[in-house]
Structures are given as structure tokens and as C-alpha cells.
Amino acid sequence: MKVDVLLGLQWGDEGKGKVVDVLTPKYDFITRFQGGPNAGHTLEFNKIKHVLHTIPSGIFRDDKINVIGNGVVIDPVIFKKEIEGITKLGINLSKTLFISKKAHLILPSHRILDAASEAAKGKSKIGSTLKGIGPTYMDKTGRNGLRIGDINLNFKEKYDALVVKHRLMLDKLYEFEYDITEYESEWFEGIKLLSQFQLIDSEQFLNDGLKDGKSILAEGAQGTMLDVDFGSYPFVTSSNTVCAGACTGLGIAPNRIGRVIGIFKAYCTRVGMGPFPTELFDEDGEKLKVNGNEFGSTTGRARRCGWLDLVALKYSIMINGVTELTMMKSDVMDDFDTIKICTSYLVNGEEVEHVPYEMTDDIKPVYTEFKGWKTDMTSVTHENEFSEEFNTYIDFIEQETGVPVKIVSVGPNRAQTIERMID
Ligand code: GDP
Ligand code: IMO
Ligand code: MG
């Protein structure tokens with residue numbers, strides 16, 4: 001069997017959680033391979049709206065195994081809250097949730113370091129979610145990190161040693177005031193809860209599963225334009241959000257990757273700082289924000305909105321080897337007279353069709369205009385109900401990218417999902 005990978009092609013919040021939940025019945029295992037509680041994946045079904053941060057979005061389907069892979073970073077406090085929220089809905093995770101011993105822990109002091117680093121950057125700050133993601137991955141690659149598997153191995157000693165280092169940085173380098181006492185005690189409560197779960201060698205578990213014919217879906221977090229290597233650096237997150245990240249974040253060999261499902265909004269959003277060539281500052285931008293309820297699932301911050309950026313989308317498709325596309329939130333543009341797609345950039349007066357080395361604020365988008373579909377997409381259930389204008393919009397994206405749009409999402413609910421009958 002192969003591992004299918006589902007990932008965001010823009011700047012995050014494309015709707016990954018919703019689609020993973022929709023596709024889960026087709027798989028045996030659902031896995032997260034990178035990121036941490038900077039992610040907020042929203043699921044809506046049976047009048048329930050739920051946001052997941054660390055736990056894979058397959059958790060609401062009966063009998064599916066959900067695995068938090070080695071590439072993920074976990075904050076025990078947020079994890080405990082997530083578990084409590086899901087348990088309240090009557091779901092018992094003790095038999096369905098597995099956690100890699102190699103996943104790294106976000107310490108309370110990592111969160112403080114994140115805040116201190118952002119404060120020190122001043123105007124050039126990243127706009128981090130302040131969940132401690134950057135400092136935790138820095139300790140991972142710096143070979144100082146604390147892993148889930150350490151919980152029973154001189155844990156307190158290792159914890160204290162790392163905190164001493166962090167305190168030194170906070171006091172001497174950042175001169176940052178902080179108090180972690182309260183968070184620290186919640187953190188150790190979280191560790192207690194974590195240790196009751198099935199902590200496993202997930203790379204072995206998943207490869208054994210593949211050998212036994214189990215199918216796996218890998219759920220990306222963030223988006224390709226936030227990838228630490230290929231995103232709009234330095235305004236990115238600290239992990240590899242791209243398809244290759246599923247190999248390193250799960251211990252899956254590249255030749256085991258099957259379908260690569262790339263998700264994008266019919267327009268674009270970004271939360272946090274950094275370049276965004278198609279960002280709109282006018283009424284259309286405001287309308288996208290209001291119609292799309294574009295407020296962060298993790299931080300509640302307003303998302304910046306703009307037209308679909310095909311230059312960035314094609315780049316993401318190339319980096320990830322996307323085999324099929326899923327277009328989200330089409331319904332948000334139901335009442336637009338005109339819709340635009342950016343097909344090239346003007347960089348220093350020169351027209352280019354690729355993402356330049358440095359994505360700066362000076363890039364000017366070149367647009368192709370489309371007539372709006374002016375129909376209520378939210379109640380559409382089959383592709384043969386698509387209007388001519390809507391089909392023109394999809395056809396253009398397929399022709400430009402050379403990749404089929406296999407799923408169209410027309411609302412936040414699980415049921416508002418249309419699978420197109422194309423090969
Ligand atoms: P993720 O991080 O990629 O999982 O996406 P988020 O959950 O952060 O953000 C996507 C938001 O859009 C959530 O509030 C979803 O409930 C909502 N959503 C998902 N698909 C659709 C859609 O097709 N139409 C509309 N209107 N909302 C959607
Ligand atoms: P999901 O999985 C949107 C953004 C932050 C910030 C930058 C770095 O829900 O799509 P970090 O906390 O990682 O150091 O922040 O990345 N960011 C996201 N934006 N969706 C996310 O996750 C994000 N995770 C991080 O806003 O600009
Ligand atoms: Mg999100």
C-alpha cells in the first residue's frame with residue numbers, strides 16, 4: 001500500500017482539516033507529520049464545530065487509527081485541552097490515538113523564547129502564533145530537544161538542563177521578563193496525561209501497517225508557502241510543510257508516497273507578516289474576509305485576503321508533485337461580479353511566471369479577469385449543477401496547472417463537498 005499525502009498549497013488554513021475528515025473513511029491510518037499547535041484545523045459535521053491543533057483530523061471517524069508522527073512538536077498543555085474537548089464529545093481516544101516517541105516537546109520556556117524573539121525583532125517580526133514552534137525546532141536541530149520517549153528516562157533532569165539554557169538566553173540575550181510557574185505546573189499535568197497514551201516507534205508501526213496492507217493518509221499542517229525551505233523565508237514556519245516532510249516526519253520512504261492531494265482556496269489568505277503579492281486592501285478584500293469568515297482558528301487574528309495566485313500555486317504543485325487538486329471555499333465568491341486570478345508577477349518592471357528568490361512587497365500581480373458565477377454554491381451537490389462561469393474558472397486552473405481539480409468544497413460542513421467524476 002501507499003501513503004497518500006494531503007497538504008496546503010498556499011499560506012495555510014486552506015481547509016485541510018475538513019477534507020481529511022471527509023476522506024478518512026477511505027483510509028486505515030490518519031497521521032500528522034509536522035508542525036504543532038500553530039495549526040488549527042476546523043471540522044464541521046452534525047452541528048458540531050471542532051478545531052484540532054495537534055491531533056489528526058481522522059479522530060471523529062469510528063475505529064480509525066490516528067498517529068502523531070515524529071516530525072510533530074507537542075505542547076502537553078494544549079494537548080490535554082484537546083483531549084478533554086474531544087472526550088467531552090463522547091469519544092475515547094485511548095485505543096485510537098498513537099504518538100511517536102520521537103516527537104519533540106514544546107517546553108513552557110520555548111513559548112517564552114518565541115515571544116522574546118518576536119519582541120526583539122520589532123517591526124520585522126514573523127507574526128508567529130507564539131506557540132513556541134521556532135524555538136522547539138531550533139532545539140531539535142541543535143540536538144538539545146526533549147522527546148516524548150524521554151518521559152520515562154531521567155525526564156526531570158533533562159527538562160531542568162534545557163530550562164537552564166533557556167533561562168540564560170532569556171536573561172542575558174533577550175533581557176525578557178517572564179514567569180512560567182503556572183504554565184509549568186499545567187505542563188507537567190499534561191505530561192502525565194500524555195504518558196497514558198500509546199507511545200510508539202511510529203516509523204516501525206506505520207511501515208508494518210503498510211506491509212499488512214493498511215492505507216495511510218498523511219495530513220499536512222500550514223502550507224507550502226510557509227515551508228522553511230521553499231516558503232516566503234524568513235516569514236515562514238520552522239518545519240518542512242511540503243510532501244517530502246511526510247517522509248521525514250513519519251519515516252516513510254519516498255517510493256511509498258502515492259497520491260498527493262493539494263488543497264487551495266479559490267482565492268488566497270495569509271495570517272501573520274510577510275509578502276503576499278495578491279493581497280487586497282479594498283472592498284473586495286474586505287468582502288472575502290467577511291464572506292469567508294477569515295479569522296485564524298488558532299489565534300483569532302484577521303486573515304489577510306487576496307485573489308488566487310497561480311504563480312505561487314504552480315510553484316507549490318511543482319515542489320510537492322501534486323497529483324490532484326481540491327478547491328476550497330468556492331462559495332465565498334458567490335456574489336462577486338468579477339473575479340481575478342494572478343497569472344504572472346511584475347518584478348522590477350519585468351514580467352515573470354515563477355516565484356522569485358526573494359518574495360518582496362514590490363511584486364506587482366498581473367491578472368486575468370473572470371465573470372463571477374453569481375449563484376448560491378452552498379446548496380450545490382453535484383458537478384452537473386455548476387454554472388458555465390464556475391466551470392470556466394475551474395477549467396482555467398486545470399489548464400494552467402495541468403492538474404485535475406477532483407474535489408470542490410462549497411461550505412464548511414462535511415456534507416458540502418463535491419467529488420468530480422474525472423480521471
Ligand atoms: P486548515 O488549517 O487548513 O484545516 O483550515 P482552517 O480550519 O484553519 O480554516 C478553514 C476555514 O474555512 C474553517 O473555518 C472551515 O470551517 C472553513 N471552510 C472549509 N471549507 C470551506 C468551504 O468550502 N466554504 C466555506 N465557506 N468555509 C469553509
Ligand atoms: P494551519 O495548519 C496559517 C503562520 C503564522 C506566522 C508563521 C510562523 O492551520 O494551516 P509559527 O507559529 O509557526 O512560528 O508562525 O506561520 N502560521 C500559520 N498560518 N495556518 C497555520 O496552520 C499556521 N501555522 C503557522 O501566522 O505567520
Ligand atoms: Mg488552520
Side-chain angles (χ1 to χ4, degrees), residues 6-22 32 34-45 48-54 56-57 72-73 75 106 110-111 113-115 117-118 121 125-138 219-228 231-239 241 263-276 288 290-304 326-334 376-378 380 407-418:
L6 180 144
L7 32 78
L9 300 180
Q10 297 164 321
W11 280 276
D13 302 327
E14 295 88 351
K16 298 174 289 292
K18 171 187 163 165
V19 180
V20 168
D21 170 62
V22 167
R32 274 278 307 269
Q34 47 69 229
N38 47 350
H41 295 182
T42 316
L43 282 64
E44 281 193 43
F45 54 91
I48 291 174
K49 179 174 174 174
H50 203 89
V51 181
L52 294 166
H53 300 290
T54 324
S57 300
V72 176
V73 291
D75 181 331
I106 303 174
H110 281 133
R111 289 168 61 98
L113 280 167
D114 207 358
S117 160
E118 286 283 78
K121 283 189 161 130
K125 70 175 183 180
I126 309 295
S128 149
T129 60
L130 300 179
K131 304 293 175 199
I133 303 295
T136 305
Y137 278 113
M138 277 166 73
E219 172 181 1
Q222 290 77 57
T224 301
M225 299 313 288
L226 289 172
D227 179 271
V228 67
S232 45
Y233 193 87
F235 299 98
V236 294
T237 191
S238 299
S239 63
T241 61
I263 303 223
F264 68 101
K265 280 178 189 168
Y267 50 99
C268 246
T269 64
R270 168 162 211 172
V271 59
M273 313 302 279
F276 181 5
L288 287 171
V290 173
N291 291 6
N293 191 23
E294 294 297 356
F295 295 91
S297 321
T298 297
T299 57
R301 290 178 294 178
R303 296 180 185 139
R304 301 154 62 192
T326 293
M327 185 164 89
M328 308 299 293
K329 303 191 85 159
S330 323
D331 53 297
V332 170
M333 296 197 289
D334 279 358
D376 175 12
M377 292 298 295
T378 55
V380 169
I407 295 176
V408 173
S409 174
V410 292
N413 199 283
R414 202 187 251 178
Q416 291 171 301
T417 315
I418 300 163

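Both ligands and their constituent atoms are indexed starting at 1 by order of listing. Counting begins at 1 with the first residue of the sequence. Bear in mind that the values here come from a model prediction, so they are computed numbers and not experimental data.
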Has [X] got a side-chain atom pairing as donor or acceptor with [Y]'s backbone, closer than 3.5 angstrom?
{"X": "Lys329", "Y": "Gly292", "result": "yes"}
{"X": "Thr224", "Y": "Gly8", "result": "yes"}
{"X": "Asp334", "Y": "Met377", "result": "yes"}
{"X": "Arg270", "Y": "Gln10", "result": "no"}
{"X": "Tyr233", "Y": "Asp227", "result": "no"}
{"X": "Arg304", "Y": "Gly272", "result": "yes"}
{"X": "Ser239", "Y": "Thr241", "result": "no"}
{"X": "Thr298", "Y": "Gly40", "result": "yes"}
{"X": "Glu118", "Y": "Ser128", "result": "yes"}
{"X": "Thr42", "Y": "Gly15", "result": "no"}

| Does ligand 2 have any atom sitting under 4.0 Å from a heavy atom of Gly40? | yes
Subject >> Within-shell test, Phe235 vs ligand 2, heavy atom, strictly < 4.0 Å >> reply: no
Decide whether an N or O pair under 3.5 Å exists between [X] and ligand 2.
{"X": "Thr129", "result": "yes"}
{"X": "Asp13", "result": "yes"}
{"X": "Val271", "result": "yes"}
{"X": "Ala39", "result": "no"}

*asked:* Hydrogens and angles aside, do Thr417 and Lys18 bring a side-chain donor and acceptor to less than 3.5 Å of each other?
replied: yes
Can you tell me if an N/O/S atom from Gly40 lies under 2.8 Å from the Mg ion (ligand 3)?
yes
Using distance alone, decide if ligand 1 has a nitrogen or oxygen within less than 3.5 Å of any nitrogen or oxygen in [X].
{"X": "Ser330", "value": "no"}
{"X": "Lys49", "value": "no"}
{"X": "Gly15", "value": "yes"}

Counting from 1, what ligand 1 atoms have a heavy atom of [X] closer than 4.0 Å?
{"X": "Gly17", "answer": "4 (O)"}
{"X": "Lys18", "answer": "20 (N)"}
{"X": "Met328", "answer": "20 (N)"}
{"X": "Glu44", "answer": "16 (O)"}
{"X": "Arg303", "answer": "8 (O), 9 (O)"}

Between Arg414 and Val22, the two heavy atoms sitting closest are O-CG2, 3.8 Å
For the [atom1] atom of [X] and the [atom2] atom of [Y], what is their distance to the nearest 0.5 Å?
{"X": "Thr378", "Y": "Gln416", "atom1": "OG1", "atom2": "CD", "result": "6.0 Å"}
{"X": "Gln222", "Y": "Lys16", "atom1": "CD", "atom2": "NZ", "result": "7.0 Å"}
{"X": "Met328", "Y": "Tyr267", "atom1": "CE", "atom2": "OH", "result": "10.0 Å"}
{"X": "Thr326", "Y": "Leu9", "atom1": "OG1", "atom2": "CG", "result": "9.0 Å"}
{"X": "His41", "Y": "Ser57", "atom1": "NE2", "atom2": "OG", "result": "6.0 Å"}
{"X": "Phe235", "Y": "Met273", "atom1": "CZ", "atom2": "CE", "result": "7.0 Å"}

Honestly, for His41 the part within reach of ligand 2 (heavy atoms, under 4.0 Å) is side chain
I'd like to check which ligand 2 atoms, numbered from 1 as shown, lie under 4.0 Å from a non-hydrogen atom of [X].
{"X": "Ala221", "value": "2 (O)"}
{"X": "Trp11", "value": "3 (C), 19 (N)"}
{"X": "Ile126", "value": "8 (C), 27 (O)"}
{"X": "Lys16", "value": "1 (P), 2 (O), 10 (O)"}

Looking only at protein heavy atoms, identify the closest one to [atom] and say how far it is in Å.
{"atom": "atom 10 (C) of ligand 1", "result": "Asp13 O, 3.6 Å"}
{"atom": "atom 15 (O) of ligand 2", "result": "Ser128 CA, 3.5 Å"}
{"atom": "atom 16 (O) of ligand 1", "result": "Pro412 CB, 3.5 Å"}
{"atom": "atom 26 (N) of ligand 1", "result": "Asp331 OD2, 2.7 Å"}
{"atom": "atom 8 (C) of ligand 2", "result": "Val236 O, 3.4 Å"}
{"atom": "atom 6 (C) of ligand 2", "result": "Gly127 O, 3.2 Å"}
{"atom": "atom 26 (O) of ligand 2", "result": "Arg301 NH2, 2.9 Å"}
{"atom": "atom 13 (O) of ligand 2", "result": "Thr237 OG1, 2.6 Å"}
{"atom": "atom 16 (O) of ligand 2", "result": "Leu226 CD2, 3.7 Å"}

Query raised in the report: Less than 4.0 Å between a side-chain N and a carboxylate O, is that true for Arg303 and Asp13?
Result: yes
Original post:
Does Phe295 CZ have over 12 foreign heavy atoms under 6.0 Å away?
Top reply: yes
Contact region, Val410 to ligand 1, non-hydrogen atoms below 4.0 Å, reads backbone
Logged contact type for Ser409 with ligand 1, heavy-atom cut-off 4.0 Å, is both
For [atom], which candidate among [options] holds the nearest heavy atom?
{"atom": "atom 15 (C) of ligand 1", "options": "Val408, Asp334, Asp21, Thr42", "answer": "Thr42"}
{"atom": "atom 22 (O) of ligand 2", "options": "Gln10, Lys131, Gln222", "answer": "Gln222"}
{"atom": "atom 12 (O) of ligand 1", "options": "Glu294, Lys329, Met327", "answer": "Lys329"}
{"atom": "atom 6 (P) of ligand 1", "options": "Ala221, Gly411, Gly40", "answer": "Gly40"}

For the Mg ion (ligand 3), the nearest N/O/S atom on Asp13 is atom OD1
